[in-house]
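So that the names make sense, note that chain A is the first sequence line, chain B the second, and so on, each numbered from 1. The structure presented is a predicted model; accordingly, all values stated were derived computationally and were not measured.
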Amino acid sequence: MSPFHLKVYDLVSKIPKGKVTSYGFIAILLGKPRAARQVGWALFNMPEGLDIPWWRVINSKGFISIKNPNAPKQLQKELLEKEGIAVSDKYMVDLKRYNWKPKSSSLHLCP
DNA sequence: ACGGTGACGAGAT
DNA sequence: TATCTCGCCACCG
C-alpha cells in the first residue's frame, strides 16, 4: 500500500454523491499529472473494508472503464444511476453535467 | 534486470 | 466522429 494509493483513496472518498470525475483529474489534484494509470491501478487493488465511492471515477471521455470481474460495468452503471447520474446504454456519462469541481480549501495536500 | 501489460490520456489519422 | 498510435509508469513474471 503506497502513500500515493492512500491519497487516491482519501480523495475519491471526497467525491460527493451525484458527481463524477476522471482518473487523470485525480492524478492532477495529487500533484502527479501523468499518473492516471496508477490511479486506475489503485482502484483496481482497492482494499475491501475501506468504503470508497470508486464508481464515481470514470475516464476522461466520460465512459465507464472498468475491467475488474468483481465489479462489472453493469454494477457501476447501477450505482451511478442510483444517485441520479444518467448513464447511456454504452456506459457513457455526461462529464460536462456531472463533473466534480472540488473547493481548493478542501484539499490539504503538500507532502 | 527487463520486456510486457494496462480501471489512462492526448494528439494524429 | 471513430480509430489508431504513442507516451506514461507501477507492477509482474
Side-chain angles (χ1 to χ4, degrees):
Chain A
M1 185 72 65
S2 74
F4 180 74
H5 284 209
L6 293 175
K7 289 181 184 177
V8 171
Y9 301 146
D10 183 60
L11 188 54
V12 170
S13 67
K14 290 175 181 170
I15 304 173
K17 187 177 180 181
K19 293 291 182 179
V20 297
T21 191
S22 68
Y23 302 93
F25 188 60
I26 290 174
I28 290 170
L29 291 181
L30 296 181
K32 302 201 173 191
R34 282 156 287 174
R37 304 191 82 138
Q38 282 59 241
V39 174
W41 179 255
L43 295 181
F44 183 85
N45 291 288
M46 208 168 32
E48 300 243 345
L50 251 48
D51 190 29
I52 298 162
W54 54 266
W55 57 89
R56 294 171 189 155
V57 184
I58 59 182
N59 70 26
S60 65
K61 308 297 185 212
F63 285 91
I64 290 176
S65 182
I66 190 171
K67 292 180 181 174
N68 189 334
N70 298 121
K73 282 185 175 182
Q74 185 60 35
L75 171 62
Q76 182 165 8
K77 183 173 184 288
E78 290 170 4
L79 287 167
L80 288 171
E81 288 173 334
K82 194 161 60 177
E83 39 189 73
I85 295 174
V87 183
S88 79
D89 56 348
K90 294 179 181 172
Y91 301 102
M92 194 195 70
V93 175
D94 187 345
L95 258 181
K96 289 279 192 180
R97 182 176 174 185
Y98 302 107
N99 191 34
W100 174 52
K101 293 184 179 180
K103 298 177 181 177
S104 58
S105 58
S106 67
L107 301 176
H108 44 83
L109 310 173
C110 306

Neighbours of DNA chain B within [range], by heavy-atom distance under 4.0 Å:
range                     : value
residues 61-68 of chain A : A/Lys61, A/Ser65, A/Ile66, A/Lys67
residues 39-48 of chain A : A/Gly40, A/Leu43, A/Phe44
residues 79-88 of chain A : none

### Query
With sugar-phosphate meaning primed atoms plus P, OP1 and OP2, does A/Ser2 contact a base, only sugar-phosphate, or nothing at under 4.0 Å between heavy atoms?
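Contact class for A/Ser2: none.
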### Message
What's A/Arg37 touching, base or sugar-phosphate or nothing? Going by heavy atoms closer than 4.0 Å.
### Response
base
#### Entry: Nearest atoms (heavy-atom pairs only) where A/Val20 meets A/Leu95
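Nearest heavy atoms, A/Val20 then A/Leu95: CG2-CD2, 3.8 Å.
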Under 3.5 Å, which donor-acceptor pairs do the side chains of residues 76-87 of chain A form with other protein atoms, sequence neighbours left out?
{"residue": "A/Gln76", "atom": "NE2", "partner": "A/Trp55", "partner atom": "O", "Å": "3.0"}
{"residue": "A/Gln76", "atom": "NE2", "partner": "A/Val57", "partner atom": "O", "Å": "3.3"}
{"residue": "A/Lys77", "atom": "NZ", "partner": "A/Glu81", "partner atom": "OE2", "Å": "2.9"}
{"residue": "A/Glu78", "atom": "OE2", "partner": "A/Gln74", "partner atom": "NE2", "Å": "3.4"}
{"residue": "A/Glu83", "atom": "OE1", "partner": "A/Trp55", "partner atom": "NE1", "Å": "3.0"}
{"residue": "A/Glu83", "atom": "OE1", "partner": "A/Arg56", "partner atom": "NE", "Å": "3.4"}
{"residue": "A/Glu83", "atom": "OE1", "partner": "A/Arg56", "partner atom": "NH2", "Å": "3.0"}
{"residue": "A/Glu83", "atom": "OE2", "partner": "A/Gly18", "partner atom": "N", "Å": "3.1"}
{"residue": "A/Glu83", "atom": "OE2", "partner": "A/Arg56", "partner atom": "NE", "Å": "2.8"}

Could you pull out all donor-acceptor pairs under 3.5 Å where a side-chain atom in residues 22-49 of chain A meets a protein atom, sequence neighbours excluded?
{"residue": "A/Ser22", "atom": "OG", "partner": "A/Phe25", "partner atom": "N", "Å": "3.2"}
{"residue": "A/Asn45", "atom": "ND2", "partner": "A/Trp41", "partner atom": "O", "Å": "3.0"}

### Task
Output every pair passing salt bridge (Lys or Arg N to Asp or Glu O under 4.0 Å) with a member in residues 84-97 of chain A, not counting sequence neighbours, ordered by first then second residue.
none
#### Entry: Other cluster members, A/Met92 - Ile/Leu/Val/Met/Phe/Trp/Tyr, side-chain contacts below 4.5 Å
A/Phe63
### Query
In chain order, what residues pass the side-chain contact (heavy atoms from CB on, under 4.5 Å) check against A/Lys73, with sequence neighbours excluded?
A/Ile64, A/Ile66, A/Tyr91
### By side-chain contact (heavy atoms from CB on, under 4.5 Å) - contacts of A/Pro69 (at least two apart)
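None.
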### Query
When you list every nucleotide of DNA chain B with an atom under 4.0 Å from a heavy atom of chain A, which one comes first 5' to 3', and which comes last?
B/dG6 to B/dA10
### Query
Tell me, do A/Ser65 and A/Ile58 make a side-chain contact under 4.5 Å, heavy atoms counted?
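A side-chain contact under 4.5 Å is absent here.
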### Nucleotide interval of DNA chain C bounded by contacts with chain A (heavy-atom cut-off, under 4.0 Å)
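The contact span of chain A on DNA chain C goes from C/dG7 to C/dC11.
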